[in-house]
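Encoded as structure tokens, the structure appears first; notes follow it.
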Amino acid sequence: MDKGYKKLRTRFAPSPTGSIHIGSLRTALFSYALAKSAKGDFILRIEDTDKKREVEGSREEIKNHLMDFGLVWDEFYIQSERKEKGLYKKAADELVKKGFAFYCSCKARNAKEEGYSKQLRDPCREKDITKGAVKLKVPEDQTVKYRDYVLDKEIEWNTKDVADTTLLKSDGFPTYHLAVVVDDNAMKITHALRGYDWLPSTPIHLLLYKYLDIDRPEIGHLTDILDPDGGKLSKRKGSVTVNEFLKQGYLREALLNFVMLLGWAPKDNREFFTLEEFVSVFGKDGLQKSNPMFNRNKLLWMNSQYIKESKNENLKTKIYKFYDGKYEKDLVGKITPLVKERMKLLSDYESLAGFFTEKPKVDKKLFGENWQDHLKNAFVVLESIDDWELSKINDCLMELVQDKDYKTGKFFMDLRIAITGNKVTPPINESLVILGKEETLERLQSLIS
Ligand code: GLU
């Protein structure tokens, strides 16, 4: 199928049923990279044929996220709109006509009802019904097989284990199974990557390709992402959606980079990639067959590296946006270089820099023995400074420490606590510069009076 002359075309086909799961981001990323590494096309197709499961706004959310991650599509389709063109019905009609599908007018059978899930053959398959839902008439005792593009092995089923499956519902909407086959064909998809969860539906699709007499794309199932605590990555153990991670303060670039390494590995041990770099080295060979582990500590580490490597100006904008304008932009700009080394997440900014905008509650128990003396003299010295700049502040305070024979560390710790309320903070003298003389003196005054 990998014919040299055929343009490589992949698709990401999410159902708009809520926030994008980290696994879906990976499917989108790998599909994008597979296409773009071969100068092919990446198609976004919204699979909204199950209207009951649709979540309002999630279609737009998917598009926005893909855009923001740089996973820009070449073509865009919406299945509910395609349905209006009668494309799926036409395929269903053809299958009925050829004897590979049948009508069933029973009330929609809930898979859980009446043990129906165990009953693989639908009683209506032998009846002469001419309207209702269209179902696949699965043949007895045939083998269907294919070679998985990702897992790189042949997988087969006996049709006796495959259920007669609904293809077109009585309301005219196709099910996923029919729509995916019709659309992958119509959109000339050459490679369909999807989550491992979808493997059990593959025999149904293989039958449909055969019965509709159309070529199938390469089909590849991406391995399940595992949680280090066992089992699949699940929301019981922490964040799993893109939104949740962004809300926690992860950078998009870091999240995307981390996802690149969930089931794909480069030939060397390189870990950091921009999207462009990833595309340039991505290939089928790097796709791994074992399930990747979702190591949350590694993600956090990676994020801190991205923060450290950020240009101050970029990081400033990110922090500003993260807090939705809560902190004044210029001030964030001044503070950013001071806190960036200590930030692992954008959300660390508040605990590190909150004291700039809000007077801290100082717990006096944190101070050392001579704290009152330290603060009184610091006040006097700082008050005498006319041009409030770093070198002046440094010099005056160091002079004081020497004159009074203070222990440098103890003196500055008391000063730090007085100004910030904390023992761990950005460099204190730099912080005083930003805080300004008036505010600095006020904070000291309130503690020594
Ligand atoms: N609509 C399916 C999903 O939400 C797509 C599965 C596939 O890519 O075939 O994951």
Side-chain angles (χ1 to χ4, degrees), residues 2 8 10 12 20-40 42 65-73 148-152 191 193-196 218 220-228 232-233 238-240 242 245-246 248-315 318 340-346 348:
D2 263 325
L8 201 147
T10 65
F12 175 50
I20 296 198
H21 187 280
I22 213 74
S24 297
L25 177 62
R26 180 187 60 169
T27 306
L29 171 66
F30 286 11
S31 302
Y32 174 87
L34 185 63
K36 294 300 155 186
S37 61
K39 306 228 177 320
F42 173 61
H65 274 317
L66 291 185
M67 280 287 196
D68 291 344
F69 279 108
L71 306 175
V72 183
W73 53 93
D148 194 278
Y149 183 74
V150 174
L151 306 171
D152 207 17
H191 295 73
L193 300 185
R194 60 185 180 197
Y196 197 75
E218 294 279 2
H221 292 91
L222 300 170
T223 49
D224 279 332
I225 301 170
L226 302 184
D227 196 287
K232 281 204 267 177
L233 182 65
S239 302
V240 290
V242 169
F245 284 107
L246 295 178
Q248 277 184 49
Y250 285 94
L251 304 188
R252 277 186 195 279
E253 302 89 309
L255 198 55
L256 194 68
N257 194 155
F258 179 75
V259 167
M260 290 170 191
L261 304 173
L262 289 177
W264 177 86
K267 290 197 187 69
D268 47 17
N269 285 329
R270 179 169 169 189
E271 289 192 295
F272 289 93
F273 299 92
T274 62
L275 178 58
E276 220 177 38
E277 290 163 350
F278 180 64
V279 166
S280 72
V281 291
F282 184 83
K284 177 184 187 329
D285 294 349
L287 289 169
Q288 295 173 312
K289 284 147 205 99
S290 56
N291 298 331
M293 208 48 99
F294 195 91
N295 183 340
R296 292 176 193 272
N297 294 333
K298 177 157 183 192
L299 172 57
L300 188 61
W301 169 79
M302 191 164 249
N303 203 62
S304 68
Q305 297 304 309
Y306 266 88
I307 288 182
K308 275 195 203 33
E309 296 299 321
S310 297
K311 295 226 168 58
N312 289 337
E313 190 61 23
N314 286 345
L315 189 56
K318 284 185 178 134
K340 127 179 176 184
E341 290 292 321
R342 294 170 200 254
M343 283 173 65
K344 291 197 168 91
L345 296 166
L346 291 175
D348 289 335

Verdict with reasoning, Leu346 to Leu315, per side-chain contact (heavy atoms from CB on, under 4.5 Å): CA-CA 9 Å; Leu346 291 175; Leu315 189 56; 3.9 Å; yes
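- Nearest approach of Ala265 to Gln288, heavy atoms of both residues: CB-NE2, 3.4 Å.
- Within the 4.5 Å cutoff, the side chain of Thr10 has no heavy atoms near those of the Lys36 side chain.
- Partner of Phe69 under the side-chain contact (heavy atoms from CB on, under 4.5 Å) criterion, chosen from Leu29, Leu255, Ile20: Leu255.
- Using a 4.5 Å heavy-atom cutoff, the side chains of Ser310 and Glu253 are not in contact.
- Inter-residue side-chain proximity for Lys344 and Trp301 is flagged as unmet; no heavy-atom pair is nearer than 4.5 Å.
- In this structure, Lys267 contributes its side chain and Asp285 its backbone to no donor-acceptor pair below 3.5 Å.
- When all heavy atoms of Trp73 and Leu66 are compared, the closest pair comes out as CZ3-CB, 3.7 Å.
- Annotation: the span from Arg194 atom CZ to Ser31 atom OG amounts to 11.5 Å, rounded to 0.5 Å.
- In this structure, His221 and Tyr196 have perpendicular ring planes: the angle between them is above 60°, well past the 30° mark.
- Residues Asn303 and Gln248 form no side-chain contact, since every pair of their non-hydrogen atoms from C-beta on lies 4.5 Å or further apart.
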Working for side-chain contact (heavy atoms from CB on, under 4.5 Å), residues Lys232 and Asn291: CA-CA 9 Å; Lys232 281 204 267 177; Asn291 298 331; over 6 Å; no
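- Separation of atoms CG (Leu193) and CZ (Arg26) is listed at 10.0 Å; rounding is to 0.5 Å.
- Contact between Gly263 and Pro292 at its shortest, heavy atoms only, is N-CB, 3.6 Å.
- Nearest heavy-atom pair across Lys340 and Lys308 is CE-O, 3.3 Å.
- Counting heavy atoms from C-beta on, the side chains of Asn257 and Phe273 come closer than 4.5 Å.
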CA sep, side-chain torsions, deciding dist, call: Leu71, Leu25, side-chain contact (heavy atoms from CB on, under 4.5 Å): CA-CA 10 Å; Leu71 306 175; Leu25 177 62; 4.1 Å; yes
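- Arg252 places no side-chain N or O within 3.5 Å of a backbone atom of Gly70 that could act as its donor or acceptor partner.
- Contact of the Arg342 side chain with the Asp348 side chain is not registered, since no non-hydrogen atoms from C-beta on lie closer than 4.5 Å.
- Of the inter-residue distances, the one linking Lys318 atom NZ with Lys311 atom NZ reads 10.5 Å to the nearest 0.5 angstrom.
- In this structure, the separation between CG on Leu262 and CE on Met293 is 11.0 Å, given to the nearest 0.5 Å.
- Put simply, the residue from Phe30, Phe278, Phe258 that forms a ring-ring contact (aromatic ring centres under 6.0 Å, His included) with Trp264 is Phe278.
- Residues Ser24 and Phe12 meet the side-chain proximity criterion, which asks for heavy atoms closer than 4.5 Å.
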From CA spacing to verdict: side-chain contact (heavy atoms from CB on, under 4.5 Å), Tyr250, Leu256: CA-CA 10 Å; Tyr250 285 94; Leu256 194 68; over 6 Å; no
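- We find the CD-CG distance between Gln305 and Leu300 to be 10.5 Å, quoted to the nearest 0.5 Å.
- A salt bridge links Lys298 with Glu271: the distance from a Lys NZ or Arg NE/NH1/NH2 to an Asp or Glu carboxylate oxygen falls below 4.0 Å.
- You'll find the side chain of Val259 reaches within 4.5 Å of the side chain of Ile22, heavy atoms only.
- Taken from CG in Leu345 to CG in Leu246, the straight-line distance is 11.5 Å, to the nearest 0.5 Å.
- Geometric assessment of Lys284 against the ring of Tyr149 yields a positive cation-pi assignment under the 6.0 Å and 45° thresholds.
- In this pair, Phe272 and Tyr306 present their aromatic rings tilted. The plane angle is within the 30 to 60° band.
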